[in-house]
Structure formats: structure tokens, C-alpha cells
Engineer: 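My questions all concern the structure below.
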Amino acid sequence: MEFELPDGTILHLADAATGADAAAAIGPGLARAALAVRIDGELRDLSRPLPAGNDHRPRLEMLTERGGDDALALVRHDAAHVLAAAVLDTYPGVKIAIGPAIENGFYYDFEFPAGTVVNDDDFPLLEAAMARHIAADERFTREDVPVREALARFRAEDQPYKVELIEDLIANQGARTVSLYTNGPFTDLCRGPHAPSTRRIKAFKLQSVAGSYWRGDSSRTMLTRVYGTAFFSAGDLKAFEELLERARANDHRRLGPQLGLFGFSETAPGSAFWYPAGTEVYNALVELSREMGGERGYTEVKTPILYDRSLWETSGHWQKYREHMFTTESEDRAMAVKPMNCPGHCQLYAMRPHSYRDLPVRYAEPGPLHRNEPSGTLHGLLRVRHFTQDDNHVFCTEDQIQDEVARALRYAFDVYDVFGFETSLELSTRPENRIGSEALWDRSEAALRAALDSQSLAYRVNEGDGAFYGPKIDMHVTDALGRSWQLGTCQLDYNFPERFELTYTGADNAEHRPVMLHIALMGSYERFIGILLEHTGGGLPVWLAPVQAIVLTIADRHAVYGGLARDRLREAGLRAELDDRDESVGRKIRDAELRKIPYMLIVGDREAQRDEVSVRAHGEGDLGATPLREFVERLAQAARTRAAR
RNA sequence: GCCGACGUAGCUCAGCUGGUAGAGCACUUCACUCGUAAUGAAGGGGUCCGGGGUUCGAGUCCCCGCGUCGGCUCCA
């Protein structure tokens, strides 16, 4: 047999040679380091005979610890098997479900015997059991067995989940054999591949336990999922834990109350209370939308919060989302609080006649929305029951779609640029369940593509992921810790104009149906602030900082000049405070640093005499003295231009 | 909504097997008048998430509810 190695050389091997043989043939070091072998892109166990390429010479590549995410996924999958083995040791009678590698780790789902509750107190015991399986250097051995044999085996072991999986493999894929992997006393149904032995797991840790539905189906059994992670070195594990620690320090739920921005109360689950400082941030963002949206032709409107049920029947919400709306009644009329602005905007559009000359109509509304989200899904500012979207709705003709989408995309990039986010785009196309003709979908998808292309934007296509009423473009950003968030969306909608019977009079004097675009860039202001806090760790840029500069006096006698300096800042439209407490300068600086105030202005005899301030920037330290007037101008400029810092 | 964990002062937390609640920071007052990340001293502050129950006695044990956290399902 012949294989082509990554460097282009040809490897000659005897027939029936295994991956391990290949590694040995390349070199003894590689033979020791190899985890698995990749043939034409497919990973296989080292112990399996290599497949002969019939009509071509297969490419062969050895996977080692340095193989990046693939290597990590492999060893984490190994660790999942070791976890299952450890759980079987510790809890006889446990039923095992599935245990894959996932991003950053692995998990295994179990059904514990009735009455047995497992939580993180049990981790030391389980980790010790795992460590024994690893120290024993158990080999992962693969056998391909007929499905009947596998079924008999798992039935005998009373493992109903494995039986169900095999039955599905037979039914859906016509499987006749399945592969089983054994390490030590434990055998699992598994596609593989695995490393040669458990010893290759150099560092691991169990992380958490959580409930999860069997096969992700909420009507089926709730299993217990144990999460863990594994690495090739203790150092890598430690680095990962430090990253988690950093993410914890940036947790907006911790930062928000700490910085006095917002808080939560049991009296309003899933709804933030905004303190003055948080309200400054919030308002600054709304102001950004007003200013940038206004410049681009999106005009602000205000629509009611509470509507008669008939509006929701027209929009379809009453039938589809009633459980998730807050309802009330008035004089025997059922009413619901709006979960989105679009029906109100459709109503607003419908209340007056429109000529084609008026289009496009672009409504913007920072309208407060309420959605009755299930209690278990609430999460800080990121998933709430009360929030405000930077919502824009454009009513236009079909011919205008491309221009309007392009306009929205430019708007989005302009907004994201202000925050310095990396952005990526996704186009979602027609789903299985949809309304409208094929010709309509062809036209609308083409319009979105044309809009993306007209701006020379790169994007990924998600086939079949669009809304049932139209395709959409989703906008994602990556934060400072490398996490991706979906923020913006631009959705094409033929459904609402139809339901609300919206019309405009065309040049032909006939009535036509407009098309609607739903555009949100930051998404919800609440969620956006959450993301911004996670991204910045709370050190907001000057234009967003609730307090932009704080004047710190050295002694009592500087309070008058300090007050004057603060007033100058305020007169320039800046948010400034004076700290003239009876405390040491060191103390005042420390407090201001902890509040992450961008600039600290220290004033003593020297500054008071020369009309100066000593500037200290957050996280940077002393920048020296500057004339007060000069500093005020500079800071006002930075705030006005929304400079990054 | 489902599974598990958690809920003690404004915050972070201690409180062993049931015996009448404590620390640090914050806050208040006083002294100090200070030059780039914590001056010192004194003091005030608690329906131990809520409601039932067991007990001579419950922060602690049991039950129900609420909220929060980790996930799962959901997310127009």
C-alpha cells in the first residue's frame, strides 16, 4: 500500500498495515506520540488496518498532541469514556446515555438509580476513580459486531439507551454492524476513534452537573449530565481555568451591581432596575441610535405598549405566542403587552394612506417590550422579561429591498465600529416550513445577496435557517475574550404586510403591497450592555462611562478649586464628580480605580495655583499635569466623537 | 417549564453533630489635612428568602413556595 505524507513523500507499507505501523515506519518518536491517524481527512484508530485507496493514493497524516482542536476533541472523548467507566464503578445499576466531546470539554449523560442524586460533592470520588482508570493505562480496543449481538449485549446489561441508539441506527441508516470500544471493564457503543490508551489523558477535571433531556426532547426522561474537560498537560488545564476565572471577573451580573449600574429584585424577575450610573450608559446608547439612525433616515416613532387582542390575532401572536405574552383585560376586553414593536408599526403604517413617493418609510422605536420567558431561562441582562430593542422597521417596494438592506448593513458596521467589535455575517435562506412562492423566495434571497455583494461583505450561508416569512442576515461580533455573540439582524418579511393588509398607491394608481424589513443592530439595549460589560470588563470608553472624570482633592483647602474644576467639566457637558472626602489621596485613587472611572484629576496647591489638573488615567497611572481648560476640551472632544478611549 | 445546587448585615462570606448570630469591607461619628491603588479609633446595622411542620428549643432537620446560579428545552 502507498500513502502520501503531508510533506509529499510516499510511504510504502505492507498490506493490512495499521496506523501504528505507519507511525513506526515514519519514526520511533512519532510512534510514541501518535494518537490517531488521518486518512484523506478521516480520523481512525491506530490499531485498525489502513484502508487501501483503490483508485488513488490516500493522504496519511498522524495526529499527535499537537494536533490542535482535533487532538483535544479526541482525548476529551476518551475522558468521557473514562468518566462513564468511573461512574459505573461507583454507581452500579446506572444507565448510560451518550458522552461526546464538546467545545472546551466533554460530558456524559446518565440515568442514576432512583433515589440517587449526584452533585459536585461527588466529584472527588469520581475523579479518583477516573484517575485509577488512567493510571491503569487501559487500552481502547475496538470491535465491529453485528447489530444483533450488540443489542443482545446491551439488553443483557440493562442499558436501554444504548439499545435505543442501536435500534435507531438500524432503522435510519440500515446499520448491520456497530462498533464497540472497550477500555478496562467498560464497553461502550461508539463510533470512535480513540487514542491507544487512557494514559494519554494527561490532565482532566470534572466541572459541573446539570439536567438534560434524553435526545434533547423535553417530553422524555431528564438525565443527569456530568461536564468535564481534559488537556494534554496540567499547564494547559491551568491556563483554561485561568480563562474561566477571567470570564468570571468580567461577568456582567457581578460588574453591574459592583459598578452601581443596575440590580435585580425578586419583585420583578427578569427585569433590571437601573441606577443613575447605569441609566447614563443606557441613555448614551439610545442617543447613539437616535443620532446615527436619524442621520440615515430612520425616524423615531412611539407606539402603545398595551394592545387589544385583535391586533395580536392579526399579527398571529395570539395563536402562536400567547403563553409568552403578558396579558390583562380592561372592560371585558382581552389585552396583551407588546413582545415586539412590529405589529404596532404595521398598525401605525396602516392608519394613513401611502403613495409610492413616500417609500421607503423607516420607523425606529426604542420601545419597551415584555416577554414572559420561562423562569429557568432567565440570565442576567442577557435573557430578560423586560427589555428595549433598537428596533427599526422599513416599509418599501420590492425594488427598494436591495438598497434598504445595504443601508442597514452600512448602519450596522458604523455602529459596531464605534465599539471596535470584530463582525461576521450570516445569510439564512428559505426553511422547510415557509409561506410564499418559490419565485418570491428567489427574488428576496437574491436581493439580500446583492445587498451583501454591493458592500463587498463576506458572509456565511445558513441554508434553511431563515424565518418562515422571509430570509435574513444575522450579524455576530467577537468580544475581547474571543466569545461570539449574535447582535444584529436584518429580516425580510412578506408576512406582516399581508396580515395587516398594508398597501401603497403605485405610479399606476393601483394598490400594491409593500415589503417590510426588521432591523435591529444592538438587539436589546439591556443585552448589549451585558455584552459590553463582558467585553470591556467594566472599563467603558469615555463617551459611555457613567462618570467620565473625577476630581480628587489632596486636602480640605483644595475643595473650592476642586469644585470649580468639576463645574468646568460639567459645563462642557461632561459627567464629572468631586471627591473631597477626608481621605488620603491614595484612598481616593483606589476608590476611583475600582469604579473604573476613565480619568482622575488630582488637585493640590500646585494645580490650584496654576489652574491645572494632574491627570491619571484608569489602569494607566499618572500622566502629569495639564492646564484645566486644555483637559476639558480634550475630554469633551473624546466624548463627542465617541473615541475608543 | 425540567434536573441539580444555592439563598445569613449594603457586599464577600464564617456559623461542627439543633441551645437564642459573627468577621472583613462598606456606612455613621471623631481625630488626622495628607501628592498617585486602602490613615487611625469608636459606633450603628440582621423578619438568617417567605410560609408551614418536627422539637422544651430551628439559621441548622422535614415539607411547600419564591428567587438566583449551572445546564436542558424554548427564544417570534
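The sequence lines fix the lettering, A, B, ..., with proteins before strands; numbering per chain opens at 1.
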Engineer: Across the strands shown, which category fits A/H379 at heavy-atom distances under 4.0 angstrom: base, sugar-phosphate, nothing?
Structural biologist: sugar-phosphate
Engineer: Need the pair for B/G43. Rule: Watson-Crick or G-U wobble, both distances under 3.5 Å, any strand; none if unpaired.
Structural biologist: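 Check on B/G43: paired to B/C27, both distances under 3.5 Å.
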Engineer: Of all the heavy-atom pairs spanning A/H345 and A/H393, show the shortest one and how long it is.
Structural biologist: ND1-ND1, 2.7 Å
Engineer: Compile the donor-acceptor pairs under 3.5 Å between side chains in residues 334-343 of chain A and protein atoms, sequence neighbours left out, one pair per line.
Structural biologist:
{"from": "A/K338", "atom 1": "NZ", "to": "A/T303", "atom 2": "O", "distance (Å)": "3.4"}
{"from": "A/K338", "atom 1": "NZ", "to": "A/T303", "atom 2": "OG1", "distance (Å)": "3.1"}
{"from": "A/K338", "atom 1": "NZ", "to": "A/P304", "atom 2": "O", "distance (Å)": "3.2"}
{"from": "A/K338", "atom 1": "NZ", "to": "A/N341", "atom 2": "OD1", "distance (Å)": "3.0"}
{"from": "A/K338", "atom 1": "NZ", "to": "A/E365", "atom 2": "OE2", "distance (Å)": "3.4"}
{"from": "A/N341", "atom 1": "ND2", "to": "A/D391", "atom 2": "OD2", "distance (Å)": "2.9"}

Engineer: Heavy atoms under 4.0 Å, any strand shown: does A/Y469 hit a base, just sugar-phosphate, or nothing?
Structural biologist: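 The answer is sugar-phosphate, as A/Y469 gets under 4.0 Å only of primed atoms, P, OP1 or OP2.
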Engineer: Keeping A/H558 on the side-chain end and A/D605 on the backbone end, is there a donor-acceptor pair under 3.5 Å?
Structural biologist: yes
Engineer: At under 4.0 Å between heavy atoms, what does A/G604 touch on the DNA or RNA strands: base, sugar-phosphate, or nothing?
Structural biologist: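 Base, at least one base atom sits under 4.0 Å.
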Engineer: Apply ring pair (Phe, Tyr, Trp, His ring centres under 6.0 Å) to A/F631 and list each qualifying residue two or more places apart in sequence or on a separate chain.
Structural biologist: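 Counting only residues at least two positions away or on another chain, A/F631 forms a ring pair (Phe, Tyr, Trp, His ring centres under 6.0 Å) with A/Y599.
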Engineer: Both conditions, 6.0 Å and 45 degrees, for the charged tip of A/R371 above the ring of A/F326: are they met here?
Structural biologist: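 The answer is no; the distance or angle limit is not met.
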Engineer: Reckon A/P269 touches a base, only the sugar-phosphate, or nothing at all at heavy-atom distances under 4.0 Å?
Structural biologist: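 Sugar-phosphate contact only.
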Engineer: Give the rounded distance in Å between these two atoms: CG of A/L244 and C1' of B/G70.
Structural biologist: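 After rounding, the gap between these two atoms is 13 Å.
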Engineer: Within the 4.0 Å heavy-atom criterion, would you say A/G260 contacts the bases, only the backbone, or no part of the nucleic acid?
Structural biologist: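 Here A/G260 touches no strand at all.
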Engineer: For nucleotides 24-34 of chain B, read 5' to 3', which letter fits each nucleotide if B means a protein heavy atom sits under 4.0 Å from the base, S means only the sugar-phosphate is that close, and - means neither?
Structural biologist: --S-----BBB
Engineer: Restricting to pairs with a member in residues 111-126 of chain A, which pass side chain to side chain donor-acceptor pair (under 3.5 Å), not counting sequence neighbours?
Structural biologist: A/E111-A/Y161
Engineer: Let me know the distance between CG of A/N372 and P of B/A76, rounded to the nearest Å.
Structural biologist: 16 Å
Engineer: Checking all strands, does A/S614 fall into the base, sugar-phosphate, or nothing category for heavy-atom contacts under 4.0 angstrom?
Structural biologist: base
Engineer: Using Watson-Crick or G-U wobble geometry with both distances below 3.5 Å, tell me the partner of B/C72, or none.
Structural biologist: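 The base-pairing partner of B/C72, which may sit in any strand shown, is B/G1.
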Engineer: In whole angstrom, give me the gap between the C1' atoms of B/U12 and B/G51.
Structural biologist: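 After rounding to an integer number of Å, I get 29 Å for this pair.
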Engineer: Heavy atoms under 4.0 Å, any strand shown: does A/Y227 hit a base, just sugar-phosphate, or nothing?
Structural biologist: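 It contacts sugar-phosphate atoms only.
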Engineer: Under 4.0 Å, counting only non-hydrogen atoms across every strand here, what does A/Q389 touch: a base, just sugar-phosphate, or nothing?
Structural biologist: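 The answer is nothing, as A/Q389 stays clear of every strand by at least 4.0 Å.
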Engineer: Would you call A/E373 and A/R383 a salt bridge, using N to O less than 4.0 angstrom?
Structural biologist: yes
Engineer: Centre of A/F468's six-membered ring, under 6.0 Å away, within 45 degrees of the axis: is that where NZ or CZ of A/R434 sits?
Structural biologist: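 Cation-pi check for A/R434 and A/F468: fails.
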Engineer: Can a donor-acceptor pair under 3.5 Å be found between the side-chain atoms of A/R371 and the base atoms of B/C75?
Structural biologist: no
Engineer: Could you work out the separation of B/C61 and B/U55 based on their C1' atoms and round it to a whole Å?
Structural biologist: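 Taking atom C1' in both B/C61 and B/U55, they lie 10 Å apart.
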Engineer: Just to verify, what does A/Y298 make a ring pair (Phe, Tyr, Trp, His ring centres under 6.0 Å) with, not counting sequence neighbours?
Structural biologist: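 With neighbours one apart ignored, the set is A/Y411.
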Engineer: Should A/R590 be listed as having a side-chain N or O under 4.0 Å from OP1 or OP2 of B/U36?
Structural biologist: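 So the side-chain polar atoms of A/R590 never come under 4.0 Å of the phosphate oxygens OP1 or OP2 of B/U36.
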Engineer: Which letters describe nucleotides 3-17 of chain B, given B = protein heavy atom under 4.0 Å from base, S = only from sugar-phosphate, - = neither?
Structural biologist: BSS-B----------
Engineer: Quick one: do A/E242 and A/K238 satisfy salt bridge (Lys or Arg N to Asp or Glu O under 4.0 Å)? Show the steps, please.
Structural biologist: CA-CA 6 Å; A/E242 279 165 5; A/K238 190 157 174 256; 3.7 Å; yes
Engineer: Hey, is the side chain of A/R616 pairing donor to acceptor with the base of B/A37 inside 3.5 Å?
Structural biologist: yes
Engineer: Once you apply a heavy-atom cut-off of 4.0 Å, does A/G380 come out as touching a base, just sugar-phosphate, or nothing?
Structural biologist: sugar-phosphate
Engineer: Has the side chain of A/R383 got a donor or acceptor atom sitting under 3.5 Å from an opposite partner on the base of B/C74?
Structural biologist: yes
